[in-house]
Amino acid sequence: MPELPEVETIVRGLRPVLPGRRIREAQVLRNDLLRISSGAFRAGLQDRELLEVGRRGKNVVLTLSDSLRLVVNLGMTGRLLFLSGPPGEASSPHLGIKLSLSPPGALLYDDVRRFGHLLLLSEEAWREESARLGPEPLDPALTPEDFHALLSVSRSPVRSWLLDQTHLAGVGNIYANEALFRARLHPARPGHTVTPEESRALLEGLRRVLTDAIRARGTTLRDYRTASGGTGGYGVELEVYGRVGSACPRCKAPVRRIVFGNRSAFFCPRCQPEDR
DNA sequence: CATACGTCCTGCCAGC
DNA sequence: TGCTGGCAGGACGTAT
């Protein structure tokens, strides 16, 4: 899916265009993207103003009038697209939700696999949801000491730990693997064996990778698009993710792929030795 | 409680 | 050419 850099890119694309617009009408073409009835969803959005656009972890958070929150989680293949001007026949085969806006424009949610979902929550309900997520990796308030304290109480492989949104919010498989490469940590290292120095390097690597990816407007492997429909350019900068067999950019050893936790992990066996 | 694994869904691509 | 199996950025539910 869209991970933190992709969601942040979408948010930055929507921020200049959504606030100041009102939802004239909501259409639900795919019911299973919602956890409430489409009638309740449509009624809840109708005539609400769009006030703010934010992000928490991998969620796009739209603040509406009456402090309601429309929270969009894009799953693996979700797209959130803004169309300006009068509603054209913006038809995609997997269009799930369409919000018609005034002044004229539209916000579309499109999702091939439909692993994503949209929530319409009160301010209080959103606060509770948000509290279940871990800290934001780019928040300067998260210190290396905090980070190590969180990681070092887990017996999970560090790659799995990074993917757990209750530990840290926003990291997915691409950037977890890239950060581990930069920190020279084997993806299967149990969290509690990671030293303070190593976890400092991991947090630094993670922050560098995430900020570089935001600068490139994210990684488009296949489905991800920015809010205006563009692609992300970070794919060419990936050092290990998806690069089985190609030369490690540091030492030229062939990149390996292993599977655990039902996900692929990519790493350099020489730069990221399992034992230490 | 923490951790591990299968599952949801569709599409694409390599290999036969 | 056409089919089949494997794989995909996520996250939830269930089992242990």
Side-chain angles (χ1 to χ4, degrees), chain A residues 1-11 29-35 55-60 71-80 92-96 109-119 129-130 132-134 137 149-181 187-193 206 209-210 212-214 216-226 230-245 256-266:
Chain A
M1 122 166 186
E3 305 184 28
L4 188 156
E6 289 75 33
V7 177
E8 180 63 26
T9 301
I10 290 169
V11 162
L29 294 93
R30 294 288 190 164
N31 256 312
D32 54 2
L33 297 169
L34 307 177
R35 294 173 185 176
R55 179 189 62 75
R56 176 80 172 97
K58 302 175 192 173
N59 300 284
V60 177
V71 180
V72 184
N73 183 299
L74 301 108
M76 289 273 233
T77 55
R79 293 176 180 175
L80 199 53
S92 132
H94 299 288
L95 183 60
Y109 181 73
D110 179 283
D111 191 344
V112 173
R113 292 172 73 181
R114 303 199 305 284
F115 285 178
H117 59 257
L118 292 86
L119 305 175
E129 281 293 310
S130 179
R132 296 166 47 187
L133 299 173
L150 294 170
L151 176 57
S152 62
V153 296
S154 172
R155 309 194 68 79
S156 294
V158 58
R159 199 285 313 264
S160 305
W161 186 88
L162 287 168
L163 296 188
D164 186 328
Q165 302 299 293
T166 68
H167 296 148
L168 204 61
V171 182
N173 205 29
I174 294 181
Y175 301 110
N177 281 284
E178 293 295 304
L180 287 163
F181 173 75
R189 275 279 297 284
H192 67 94
T193 71
L206 190 54
V209 133
L210 294 173
D212 287 352
I214 290 170
R217 306 172 64 75
T219 303
T220 296
L221 296 180
R222 171 168 302 155
D223 300 289
Y224 160 69
R225 290 296 180 284
T226 69
T231 55
Y234 196 70
V236 296
E237 297 182 52
L238 296 175
E239 300 194 284
V240 288
Y241 182 86
R243 305 185 53 84
V244 197
R256 285 189 53 196
R257 170 182 177 266
I258 57 176
V259 176
F260 58 92
N262 277 333
R263 320 286 298 270
S264 293
F266 301 91

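So you know, we letter chains A, B, ... as the sequences are listed, proteins then strands, and number each from 1.
Residues A:Pro157 and A:Phe115 both approach DNA chain B. Their nearest nucleotides, taken by heavy-atom distance, put A:Pro157 toward the 5′ side.
Side chain of A:Asn262, nearest nucleotide from C:dA8, B:dA4, B:dG6: B:dG6. Among the nucleotides B:dC9, B:dC13, C:dC12, the one closest to any side-chain atom of A:Arg222 is B:dC13. Residue A:Asn73 has its side chain nearest to C:dA11 when only B:dT3, B:dG11, C:dA11 are considered. When the nucleotides C:dA8, C:dG10, B:dG11 are ranked by their closest atom to the side chain of A:Asn173, C:dG10 comes out on top. With B:dT3, C:dC12, C:dA8 as the choices, the nucleotide that has an atom nearest any side-chain atom of A:Arg35 turns out to be C:dC12. Listed nucleotides: C:dA11, C:dC12, B:dT3. Nearest to the side chain of A:Gln165: C:dA11. Closest to the A:Arg113 side chain, of the nucleotides B:dT3, C:dG10, B:dT10, is B:dT10. Distances from the side chain of A:Arg257 to the nucleotides B:dG11, C:dC7, B:dC5 place C:dC7 closest. Which of B:dC13, B:dT10, B:dT3 sits closest to the side chain of A:Arg155 comes down to B:dT3.
Donor-acceptor pairing under 3.5 Å is lacking for the side chains of A:Arg113 and A:Thr77.
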- Task: Taking Watson-Crick and G-U wobble pairs with both distances under 3.5 Å, convert DNA chain B into its dot-bracket string, 5' to 3', dots for unpaired and | for cross-strand pairs.
- Result: .|||||||.|||||||
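Contact check, A:Thr77 against B:dT10: no side-chain N or O comes under 4.0 Å of OP1 or OP2. An OP1 or OP2 oxygen of B:dA2 is reached within less than 4.0 angstrom by no side-chain nitrogen or oxygen of A:Ser154. Contact annotation: A:His117 does not reach the phosphate of C:dA11 (side-chain N/O to OP1 or OP2, under 4.0 Å).
Separating the P atom of B:dG6 from that of C:dG6 is a span of 14 Å, rounded to the nearest Å.
Closest approach of A:Asn173 and A:Arg159 over heavy atoms only: OD1-NH1, 3.1 Å.
Aromatic ring pairs are classed by plane angle as parallel below 30°, tilted from 30° to 60° and perpendicular above 60°; the pair A:His167 and A:Trp161 is parallel.
We find the OG1-CD distance between A:Thr226 and A:Glu6 to be 11.0 Å, quoted to the nearest 0.5 Å.
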